[in-house]
Amino acid sequence: MPAETAVSDSTTAATNAVTLTKGRAANEVSGLDALETAPQRDKGRLGLRIWASAWPKLLALAIVIGIWEAAYLAEWRPSYLLPPPTEVFPQLWDLITTADFWNGIRLTMTRAITGFSLAVAIGTVLGAAVSRFAPLRAAIGSLITGLQTMPSIMWFPLAILLFQLGEKAILFVVVIGAAPSVANGLISGIDYVPRTWLRVGQVMGMSGLAKYRHLILPASLPSFVSGLKQGWAFSWRSLMAGELLVMVPGAVSIGVRMQNARDLTDSGLVISYIMVVLVIGILIDQLFNFADNALRKRWGLTGN
Amino acid sequence: MPAETAVSDSTTAATNAVTLTKGRAANEVSGLDALETAPQRDKGRLGLRIWASAWPKLLALAIVIGIWEAAYLAEWRPSYLLPPPTEVFPQLWDLITTADFWNGIRLTMTRAITGFSLAVAIGTVLGAAVSRFAPLRAAIGSLITGLQTMPSIMWFPLAILLFQLGEKAILFVVVIGAAPSVANGLISGIDYVPRTWLRVGQVMGMSGLAKYRHLILPASLPSFVSGLKQGWAFSWRSLMAGELLVMVPGAVSIGVRMQNARDLTDSGLVISYIMVVLVIGILIDQLFNFADNALRKRWGLTGN
Amino acid sequence: MSILETTGVRTDAVVRIENVSKTYGSGSNALLALDRVSLDVEKGEFVCLLGASGCGKSTLLSLVAGLDQISSGTLEIGGRKVALMFQEAALFPWLSVTGNVELPLRLQGLGKAERRKRAEELLEVVRLNGFADKRPHELSGGMRQRVALARALAQNADVLLMDEPFGALDAMTRDILHDELERIWREQNLTVLFVTHNVREAVRLGDRVILLSSRPGRVIEDFPIQHARPRRIDSPEVSGQAAEITDRLRAEVARHAS
Amino acid sequence: MSILETTGVRTDAVVRIENVSKTYGSGSNALLALDRVSLDVEKGEFVCLLGASGCGKSTLLSLVAGLDQISSGTLEIGGRKVALMFQEAALFPWLSVTGNVELPLRLQGLGKAERRKRAEELLEVVRLNGFADKRPHELSGGMRQRVALARALAQNADVLLMDEPFGALDAMTRDILHDELERIWREQNLTVLFVTHNVREAVRLGDRVILLSSRPGRVIEDFPIQHARPRRIDSPEVSGQAAEITDRLRAEVARHAS
Amino acid sequence: GSDDDNTKADTAAGAPAEAKTIKLGYFPNITHAPALVGVNKGLFKDALSGTDLQTQTFNAGPAAIEALLSGAIDATYIGPNPAINGWAKSKGTALKIIAGSTSGGAGLVVKEGINTVADLKGKKIATPQLGNTQDVALRAYLKENGLNADTNGGGDVSILPQDNATAVQAFAQGAIDGAWVPEPNLSKLLLESKGKLLVDEKTLWPNQEFVTTHLIVSQKFLKDYPGTVKKLLQGHLAAVKYIADNNADAQTAANAQIESLTGKALKPEILTAAFKNLKFTADPIASSLYTSAKHAEEVKLLDAVDLKGIYDLGPLNELLKAAGQPEVSDAAAS
Ligand SMILES: Nc1ncnc2c1ncn2[C@@H]1O[C@H](COP(=O)(O)OP(=O)(O)OP(=O)(O)O)[C@@H](O)[C@H]1O
Ligand SMILES: Nc1ncnc2c1ncn2[C@@H]1O[C@H](COP(=O)(O)OP(=O)(O)OP(=O)(O)O)[C@@H](O)[C@H]1O
Ligand SMILES: [Mg+2]
Ligand SMILES: [Mg+2]
């Protein structure tokens with residue numbers, strides 16, 4: 001019977017975890033219990049912790065590179081279509097050691113952060129408004145998802161109409177691509193705030209802004225953070241499209257560079273840019289994870 | 001003092017809501033209490049309910065068309081860039097009355113649904129696996145967000161390499177665009193399953209598949225549904241890009257038609273297709289809302 | 001000598017409940033939770049509610065607090081501030097213990113230092129001063145309930161509604177909190193509506209004990225408690241009256257069960 | 001005549017707790033919740049745990065259930081099936097009342113008809129037969145607790161851990177459930193570890209009553225209850241022993257407070 | 001790819017081998033008119049007796065080149081730049097240009113008020129894509145006239161690589177001052193946005209000819225199935241001839257094909273104007289390709305690339321000779 005096994009299993013684990021630490025003073029107890037003492041050990045052995053988070057990544061990387069190299073060696077496709085890692089990595093290195101590249105990164109990241117911040121601001125206000133006013137929800141609730149599904153490129157005509165060709169046109173494309181996602185995350189978070197909390201807020205006399213500030217926003221934060229993450233993805237993709245709208249003298253944005261790499265049918269360069277975009281995406285995700293972990297710790301969802 | 005006002009307000013409301021219905025038998029009580037009797041009234045007056053959900057949409061539509069017409073009349077931009085509603089609507093009508101258009105819709109929707117289903121299946125498995133196995137999470141958790149940020153067009157070379165030119169290549173672009181979003185929604189849902197429930201599951205002896213089936217999936221459903229919604233948006237956008245990969249003579253997909261409308265700088269047609277895509281997005285969102293509302297009702301988050 | 005006796009005026013009702021009914025759901029699914037309940041609570045009065053599980057006590061409190069809408073009847077609280085301590089602690093997990101207690105103070109616009117001071121006092125009242133910085137999930141069930149009590153007291157309301165506030169507490173802690181609650185009630189001239197399953201507790205604290213019938217809830221008896229305060233929960237008077245009320249309650253449940 | 005006396009063998013321990021300590025957190029934030037607790041529970045024994053709020057009763061149960069890991073000591077339950085009824089009802093909101101009760105049955109692989117039948121029986125035991133299709137949020141606090149009891153019973157375990165199972169129930173419903181629980185315990189030869197704040201309830205039900213000290217929890221007294229069953233909660237014997245235990249408990253709390 | 005699903009047909013020794021199927025790519029674009037007309041009128045089908053023709057349309061050069069390189073298609077109509085890129089990246093192993101298709105049909109359209117090259121100073125000019133034919137042409141033209149422009153959009157003249165749809169709209173709205181674009185956008189700018197033709201690109205070339213589109217084939221396919229390639233060329237020549245002989249009918253056919261592929265036809269006036277600006281010829285105008293590549297190198301848009309051998313005009317010339325027409329040359333301009 002599954003139930004039986006499971007319980008006895010865990011109890012056995014408890015029994016096994018017993019050690020010699022009996023009878024120590026409270027803050028001396030350390031034992032072998034992983035969950036219990038994780039934070040303490042962490043301080044002691046930061047290196048170990050980093051290693052624990054790094055080895056799976058390195059392994060995954062090694063596997064991908066292995067498959068890639070194998071595909072190359074097996075001559076699955078001609079090498080000008082699928083260049084081997086040994087060719088691409090030097091190319092990537094050459095790329096990222098140019099000042100030009102970093103100027104492009106700076107330009108693109110500036111746009112991404114500006115656009116995303118704007119999208120978050122607008123999306124938050126929109127989400128809060130839609131979830132608060134029933135007629136607004138009926139009017140534009142579904143439109144939000146509709147807007148999300150619009151390919152960025154279809155906003156180009158409108159962007160040009162409204163903003164000519166300029167940074168603002170890019171920002172417009174980014175914001176209209178990402179804000180609905182942020183709004184949707186917030187709306188779904190608000191919709192799932194447990195009723196008990198809402199009632200607590202009501203007896204406390206919360207209303208209007210105070211209610212949002214002290215109850216709704218913190219309570220819907222998990223879903224909101226996940227909405228932000230999706231919003232980031234949307235804003236980045238919209239930006240990659242939007243950057244083709246405007247060229248700024250001096251620095252060539254990542255979006256343009258990616259497009260060029262493809263236009264030139266330069267497989268090595270395309271793969272290099274894919275890696276660059278993935279690394280940026282991974283780094284940003286780590287930021288979100290920081291926020292998320294802090295949140296889960298506060299909420300008592302981690303550890304023992 | 002805000003607290004005071006709020007409470008007395010709601011109590012006053014309660015007092016006002018008092019009517020002549022005193023002393024009726026239990027299932028006869030109806031009164032004027034909106035929250036209480038909503039379901040009953042709904043049955044009686046379906047028309048009213050539809051109207052309540054429709055008028056804000058119609059109003060919003062009227063406002064948008066009004067602004068548009070005003071912009072046209074003010075000759076803000078030349079009319080070949082911003083044609084008036086009176087020109088676009090006939091054009092839209094002409095468009096949607098052709099059999100060709102509907103063939104395109106059928107083709108595109110078939111692809112969208114196939115791709116999305118596949119993305120959901122893969123995303124769910126991926127999300128469940130990542131949230132279950134810590135090393136997998138460390139290895140590819142962040143990569144999932146990284147993948148999401150990759151513009152669809154960058155997958156074209158890989159799609160062609162792997163699948164040549166065919167429906168499979170399109171599906172690949174759609175799935176790789178949408179699956180990470182579904183996975184992320186599930187992961188964040190699982191991360192926020194209240195600890196109490198997990199403990200209840202543990203004492204019940206749930207483990208492995210049973211745990212996912214009976215506890216984790218239902219508990220993370222709200223976040224999962226919101227992930228699905230985002231996933232739909234991603235898959236649709238990826239599809240619009242992916243459809244440019246393969247063009248099948250005869251039935252012209254919506255993605256190709258949109259691109260072409262833009263290439264022809266046919267503003268009226270572009271606006272028509274924007275409307276078509278928005279309407280499709282809105283309809284799909286309504287489907288998600290059905291699911292969502294059913295869910296919220298089950299969870300006791302709606303009504304009184 | 002109870003507050004009721006000192007104030008004396010019986011027309012000064014703070015909470016006026018007249019023929020209030022409450023139905024949940026509608027159609028064939030309808031459930032009549034309260035059936036024409038009438039009850040007046042005077043200013044400064046301490047009223048205890050007793051009744052079987054599911055008879056509608058929590059429902060009544062939420063109606064008084066304005067959280068749900070009544071189906072018929074009249075309910076007036078005359079614009080007074082109402083605080084409700086819920087049956088479940090319902091603390092906010094994203095706030096620490098002090099954070100939870102300080103929140104109502106914040107909403108009242110108190111400054112930071114003042115808030116801190118007041119929260120400390122309140123945690124002292126519920127004997128949790130050492131736990132100010134813990135999170136709700138690090139507390140035991142009884143401790144959470146006490147934080148919820150401190151939070152309700154922080155609201156500084158005129159009318160305090162309490163739904164089984166001491167259900168998860170051991171007898172000793174409960175005794176202490178009885179004394180504290182009685183002190184605060186007296187000092188601040190609060191009006192209290194107190195739901196409990198413990199008949200002795202009701203007699204220990206209340207000016208009146210109201211008995212509700214089983215589903216649908218209806219007022220079936222109103223016992224005035226005349227014993228002089230301070231009372232002790234294990235005193236013979238309290239025990240005696242509690243036994244009397246228990247018999248009445250038992251009779252009602254038996255009647256209902258048949 | 002208690003089950004303990006009939007089984008007789010005191011070495012047949014089902015739950016063996018030896019010198020178990022439990023610390024939450026670490027470093028300066030560490031909190032010693034249990035301090036070298038030793039306790040053996042025999043097969044078929046009904047053991048009640050008493051102690052002040054926050055003394056570690058729930059912690060002990062969760063250790064026995066294998067939900068948390070002990071910090072030091074030995075804990076053995078010999079591979080037996082354990083069910084735990086949590087202090088909060090913790091029902092699954094996405095399942096109806098029957099759905100919640102049927103879930104453990106489903107995990108045991110029972111067929112649909114059988115499940116339905118068993119769930120009906122269990123809801124009958126907790127007197128909630130009319131509420132099978134309601135959702136948890138439509139129940140009162142006490143009703144939820146009873147559903148949680150039915151769900152725990154549905155697990156068909158050898159060892160039943162109960163954390164203040166009747167805290168939110170009125171005296172009458174509680175009496176009924178005492179009888180039902182005693183019957184089931186006897187019929188299925190269950191081993192029960194029962195946390196309560198109600199000393200009379202402990203004496204009414206238990207073969208032994210264990211007293212825990214305040215933070216950190218430590219066993220300070222072990223009262224065997226010898227009165228013949230069936231007992232009545234308002235019988236003089238139960239009251240008398242309850243008074244004795246209460247005095248001891250009060251002394252402990254007073255000692256601790258000083 | 002063709003290597004997978006084609007088996008060499010049993011033919012008599014010495015006879016050119018034929019593939020079972022040939023996958024031909026093209027764009028639903030007026031500069032690919034021979035393909036449009038050929039497919040629409042069944043001219044390829046007629047020529048490719050015994051070989052099944054599968055067509056595949058693309059939206060832009062990179063995808064077509066990717067498809068050709070990975071074997072998803074065997075031959076395609078394409079512009080000179082993607083062909084050069086594909087040649088360069090595969091180090092001359094992937095493809096061959098086997099015929100020309102289209103010449104001319106590009107130019108610089110500017111706003112009112114710009115009358116000479118000198119007026120371009122400080123202006124914003126769009127081109128379709130960094131390093132493509134038009135982009136290179138503009139840069140070379142500016143350089144010749146003493147104006148500089150860098151690849152980052154800076155210099156005397158800001159060059160903004162931008163897709164044609166964006167450029168057309170931006171021009172209509174006055175967001176840019178001019179655009180060097182191919183047909184049909186050239187006609188669109190002239191007719192709809194009332195732009196002024198400052199430079200007609202063909203005036204910059206000898207004989208007023210320069211390649212816009214040509215037909216390429218994968219080297220592997222060419223090697224395996226020279227017979228099929230020849231038949232493909234036959235179809236191509238037939239299409240070119242058809243356009244020359246029945247211009248009006250060809251226009252209709254091309255537009256019909258565009259409509260069936262994209263759901264929307266070109267406006268008749270644009271169609272006519274574009275056709276007038278374009279010249280359809282099987283001559284690949286090799287000299288313009290070399291010159292364009294040299295220009296690209298000069299403005300540092302292309303690394304030095306050896307284009308020697310990019311043409312294989314043997315089969316084409318055989319067919320031309322058989323038809324009594326002049327042969328074409330793959331020699332660079334002297
Ligand atoms: N939100 C709701 N929807 C439907 N029915 C409800 C809802 N809340 C309560 N009820 C029903 O109303 C009745 C009274 O519930 P209430 O919570 O007021 O009982 P109670 O007296 O507080 O009981 P307890 O002592 O167990 O807490 C119960 O039968 C319950 O099922
Ligand atoms: N997850 C946790 N993290 C940190 N401390 C905890 C945690 N759970 C319990 N504690 C602490 O352990 C001590 C014992 O808690 P426990 O819940 O076992 O008490 P209890 O005896 O069940 O009390 P009550 O009768 O109030 O339910 C308390 O001081 C509490 O603050
Ligand atoms: Mg209640
Ligand atoms: Mg506890």
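Note on naming: letters A, B, ... go to the chains in the order of the sequence lines (proteins, then strands), and numbering restarts at 1 for each one.
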- Measure distances from B/I271 to the heavy atoms of chain A and classify the residue's part below 4.5 Å as side chain, backbone, both or neither. neither
- Message: Just so I understand: if I count every heavy-atom pair under 4.5 Å between each of A/R262, A/Q286, A/K229 and chain B, which residue has the most?
- Response: A/R262
- What part of B/S188 lies closer than 4.5 angstrom to a heavy atom of chain A: side chain, backbone, both or neither? side chain
- Looking at B/G189, B/A233, B/A261, B/S223, which one has more heavy-atom pairs under 4.5 Å with chain A than the rest? B/A233
- Sort A/S152 into side chain, backbone, both or neither according to what part of it lies under 4.5 angstrom from a heavy atom of chain B. both
- Item | Residue part contacting chain A, namely of B/L59, when any heavy atom lies under 4.5 Å | neither
- Message: The test is side chain to side chain contact (heavy atoms under 4.5 Å, CB included); show your working for B/V225 and A/Y192 and say whether it passes.
- Response: CA-CA 12 Å; B/V225 167; A/Y192 280 91; 6.0 Å; no
- Message: Using 0.5 Å steps for rounding, measure from the CD1 atom of A/I140 to the CG atom of B/L61.
- Response: 13.0 Å
- Note on the structure: Okay, A/P135 and chain B: the region with an atom under 4.5 Å from a heavy atom over there is both
- Query: Are A/T149 and B/W232 close enough that some pair of their side-chain heavy atoms sits under 4.5 Å apart?
  - Reply: yes
- Note on the structure: In terms of heavy-atom pairs under 4.5 Å with chain B, the winner among A/M150, A/R137, A/Q259, A/M240 is A/M150
- Query: Any idea which of B/G255, B/S181, B/A210, B/G208 has the most non-hydrogen atom pairs under 4.5 angstrom with chain A?
  - Reply: B/S181
- Item | B/L161 to A/L82 - nearest heavy-atom pair and separation | CD1-CD1, 4.1 Å
- Message: Under 4.5 Å from any heavy atom of chain B, what part of A/L221 do you find: side chain, backbone, both or neither?
- Response: neither
- Query: Does A/Q148 reach the side chain of B/Q230, with side-chain heavy atoms less than 4.5 Å apart?
  - Reply: yes
- Task: Considering non-hydrogen atoms only, spot the tightest contact between B/P157 and A/V270 and give its length.
- Result: CG-CG1, 4.5 Å
- Query: B/S267 versus chain A, heavy atoms under 4.5 Å apart: side chain, backbone, both or neither?
  - Reply: neither
- Query: Going by heavy atoms in the side chains, are A/I284 and B/T145 under 4.5 Å from each other?
  - Reply: no
- Task: Starting from the C-alpha separation in whole Å, work towards a yes-or-no answer on side chain to side chain contact (heavy atoms under 4.5 Å, CB included) for B/S142 and A/N289.
- Result: CA-CA 9 Å; B/S142 287; A/N289 280 352; 3.8 Å; yes
- Item | Portion of B/A138 that has a non-hydrogen atom of chain A nearer than 4.5 angstrom | both
- Query: Are A/I282 and B/L143 close enough that some pair of their side-chain heavy atoms sits under 4.5 Å apart?
  - Reply: yes
- Query: For B/F156, is it the side chain, the backbone, both, or neither that has a heavy atom closer than 4.5 Å to a heavy atom of chain A?
  - Reply: side chain
- Query: Between B/P151, B/G146, B/P222, which residue shows the highest count of heavy-atom pairs closer than 4.5 Å to chain A?
  - Reply: B/P222
- Query: Under a 4.5 Å heavy-atom cut-off, does chain A meet the side chain of B/L287, its backbone, both or neither?
  - Reply: neither
